[in-house]
Amino acid sequence: MPAAHESRGGPSPVMILLVLVSTVGILVYAAFLLNPANRGDLIPYAMVISAETVLVFHALLAMWTILSGGQDPRDFAYHRARDGLHGRSHGSNPREWPLLISGRRVDVDVFITVYGEDVEVIRRTATAALAMHGRHRTWILDDGRSDEVRDLAHELGARYVRRLSSGGAKAGNVNHALTLAKAEFFAIFDADFVPDPTFLQETLPFMVDERVAFVQTPQAYDNLHTTVARGAAYMQAVFYRFIQPGRNRFNAAFCVGTNVLFRRAAIEDVDGICTDSKSEDVWTSLALHERGWRSVFIPEVLAMGEAPETIEAYSKQQLRWATGGFEILLTRNPLANRRLTMDQRIQYFVTASFYLTGICPLLLLLVPPLEIYFDLRPMNLSLTVLTWALYYCGFYAMQILLAWYTLGSFRWETLTLATVSFAIYAKAFVNAFTGKDVGWQSTGTARKSSPYNFVIPQILFFQFLLLTSAVAIWRDVDNGVLTLATAWNVTNTLILGAFLNAARREARALRKGRPLSPPVAPEAGEEAAVLRTVVARPEGTPSRRPARVAVPALDRDAAWAGPGRSRRTAPAPLPARHPARVPDPAPFELAAPLPREARVPRPSPVRWQPVDLSAERASEQSEQPLQREPRETVAAGTRSSRRDHRTEEPS
């Protein structure tokens, strides 16, 4: 996604000017609507006022938040901590650099949450996570219980954790891992988000402030090949570039579930990641802010992911997010939460009610047909089309101009998805109101069903609006006057038609078995990384598992796949975005298994010798099974034996 117009110092002067002009346009439009002299028929007027009140409210608060984002969260303490993050001396392998906060060595665990994603997608993320600068432990948390993923973890040298059940969904997965991984800090990445090698270098120094609970970075995408993917990605651009940084001023930036670094003590203070909602990230952030913890958001893209490419994936993602937001609005009204500051109450109320803006287009789609069929108008007949357009453009044209400046050009995909997603958000509101469980599914694991299964309301509305447009055009031709209702209705029909055309193309591609994303050929000189298989174990150390461990030869070309390059080129790890940052490591270097005690420094490398596999297997048959002590999980608060899960670590 474009990186223009963003800086660590906050919005640019041009951005501030656009925000101020947009704010004036919003206020003028609101005064125009609320003027009793301009009121038309009751039903359409009430529909317009209801929808526009929500939109104007959120637009004003967005402008206020953007103007609040001029302060860089990186203070003197951060820069001092970053300068001393790796101590005075470094080795040749940046993955083994020590991590120090205030001169004290700290441990970091990196969690990759997996639930049915493609193995090659997981491979890219795990390879990049292992290559991050700074000594850390990488864990693959597999709720999909896949033997292929288990073998991949052994091949790459990552730790592997599997639960017998998927209780608590992603939150339960992380909470379960926290009973095994004991580092002071832990990072979370979804299976399709490939981290930059410098992720820990950019986020960990904030932890010098013991009040910081988590450091969040943006979600950015590099698979913008379909209408849905582009629309879904562009819809979040303003939020991650300006809204979230502005919330730093109010200590109200919230976690988005991935590309985030947590302080373990903070999560333990709120009894683990929240498992009572499918939007566990926002609920956990709310609990942390209620306890007085601080959050930090930095607008630098430090991980690249995959936006939902299909209508099914987009629908399920938005349904899950919107249901979580409405749950906060209906069950835990932030405005009445006395454990938050007033600024935090307002910001969380905006978050909880944001998806109401997605229902507003449903009301506005019905206003033109009321005028065409029943001669019911929302505004006074004495108002001309030019007058209405002047006030209307003062609001909407400035919003489009603001988005244009942010994205670098006009993105019609965003307008399309914002208009046609009303069915998703209406269903989410009903689910939250009735307490219906929508289930949980990761964005990248959609079954690729026919898109027509998810656009039935849009198809019905398109047919209705198409017929209404024909009636309106016939009426205007007969009267010799083009009305605002006709132009409005035709515009809505074209927007729905564009969306359904995207659904048609998607359905045809799925039916013919063609990929939605075009394959990208590797660049010249680009070679796949080679995996070396080493059959070895520590000298004099008994083995409890087969000794065959595949160790990746992580060269400089396997660290990072930048935002402008597709991660679908080959099953091997992607080429580097910053080759000079990762020096060539040794061919392989294994460490002895970590002891179970918490926060024990990683032991130095040990010498290895080849062993005979046949003798290895014979010795394993005579060994007794490993007995483990019961351990209490953070997630459910109930005791469970260590035998209730299977944990596998690299030999």
Checking the side chain of [X] only, and the main-chain atoms of [Y] only, is there a donor and an acceptor separated by less than 3.5 Å?
X	Y	value
N479	V481	no
Q216	V256	yes
N259	P218	yes
E117	A191	no
N337	R339	yes
E506	I311	yes
T284	C274	yes
T275	A171	no
T416	F499	no
R294	N251	no

> Does the pair T419 and L496 meet the rule for a side chain to side chain contact (heavy atoms under 4.5 Å, CB included), with working shown?
Replying inline: CA-CA 8 Å; T419 303; L496 278 167; 5.6 Å; no
Is there side-chain contact between [X] and [Y], with heavy atoms separated by less than 4.5 Å?
X	Y	answer
W293	F214	no
P369	N489	yes
L484	M379	no
V430	K436	no
V260	D281	no
R345	R338	yes
I424	Y314	yes
T351	V282	yes

> Any salt bridge between D375 and R377, counting N to O under 4.0 Å?
Replying inline: yes
>> Between the side chains of R249 and D343, is the shortest nitrogen-to-carboxylate-oxygen separation below 4.0 Å, so that they form an ion pair?
In response: no
> Does a side chain donor of either N248 or Q71 reach within less than 3.5 Å of an acceptor in the other side chain?
Replying inline: no
>> Does either side chain, that of S285 or that of Y348, offer a donor lying less than 3.5 Å from an acceptor on the other one?
In response: no
> In this structure, which one of N223, T227, L224 forms a side chain to side chain contact (heavy atoms under 4.5 Å, CB included) with E309?
Replying inline: N223
For [X], does the [atom1] atom have more than 12 heavy-atom neighbours from other residues, nucleotides or ligands under 6.0 Å away?
X	atom1	value
R291	CZ	no
R39	CZ	no
F433	CZ	no
L330	CG	yes
Y45	OH	yes

Sequence neighbours left out, cut at 3.5 Å: what donor-acceptor pairs do the side chains of residues 18-36 make with other protein atoms?
residue : atom : partner : partner atom : Å
S22     : OG   : L18     : O            : 2.7
T23     : OG1  : V19     : O            : 2.7
Y29     : OH   : E52     : OE2          : 2.7
N35     : OD1  : A37     : N            : 3.1

Roughly how far, to the nearest 0.5 Å, is [atom2] of [Y] from [atom1] of [X]?
X	Y	atom1	atom2	result
T486	D476	OG1	CG	3.5 Å
H289	Q344	NE2	CD	5.5 Å
L467	F462	CG	CZ	11.5 Å
R332	L286	CZ	CG	5.0 Å
W283	E327	CH2	CD	6.5 Å
T493	L466	OG1	CG	6.5 Å

> Are the ring centres of F254 and F239 closer than 6.0 Å?
Replying inline: yes
> Does the ring centre of F250 sit less than 6.0 Å away from the ring centre of W64?
Replying inline: yes
Where is the tightest heavy-atom contact between [X] and [Y], given as atom of each residue plus distance?
X	Y	answer
V48	P378	CG2-CB, 3.7 Å
F454	Q458	O-OE1, 3.9 Å
V228	P308	CG1-O, 3.5 Å

> Could you go step by step and tell me if Q318 and L417 meet the side chain to side chain contact (heavy atoms under 4.5 Å, CB included) rule?
Replying inline: CA-CA 11 Å; Q318 295 298 309; L417 286 190; over 6 Å; no
Going by atom type alone, with no hydrogens or angles, which donor-acceptor pairs under 3.5 Å involve a side-chain atom of residues 353-367 and a protein atom two or more places apart or on another chain?
residue : atom : partner : partner atom : Å
S353    : OG   : H58     : NE2          : 3.2
S353    : OG   : F349    : O            : 2.7
T357    : OG1  : F354    : O            : 2.5

>> For D143, give me all partners under side-chain hydrogen bond (donor to acceptor under 3.5 Å, both in side chains), at least two apart in sequence or on another chain.
In response: R163
>> Checking L288 against I267 for the side chain to side chain contact (heavy atoms under 4.5 Å, CB included) test, could you report, in this order, the C-alpha distance in whole Å, the side-chain angles of both residues, the deciding distance, and whether it holds?
In response: CA-CA 8 Å; L288 289 168; I267 295 301; 4.3 Å; yes
> Stepwise, does the side chain to side chain contact (heavy atoms under 4.5 Å, CB included) test hold for F57 with L60?
Replying inline: CA-CA 5 Å; F57 171 78; L60 283 175; over 6 Å; no
> Going through the distances and angles, do N173 and T113 end up as a side-chain hydrogen bond (donor to acceptor under 3.5 Å, both in side chains)?
Replying inline: CA-CA 7 Å; N173 195 7; T113 57; 5.7 Å; no
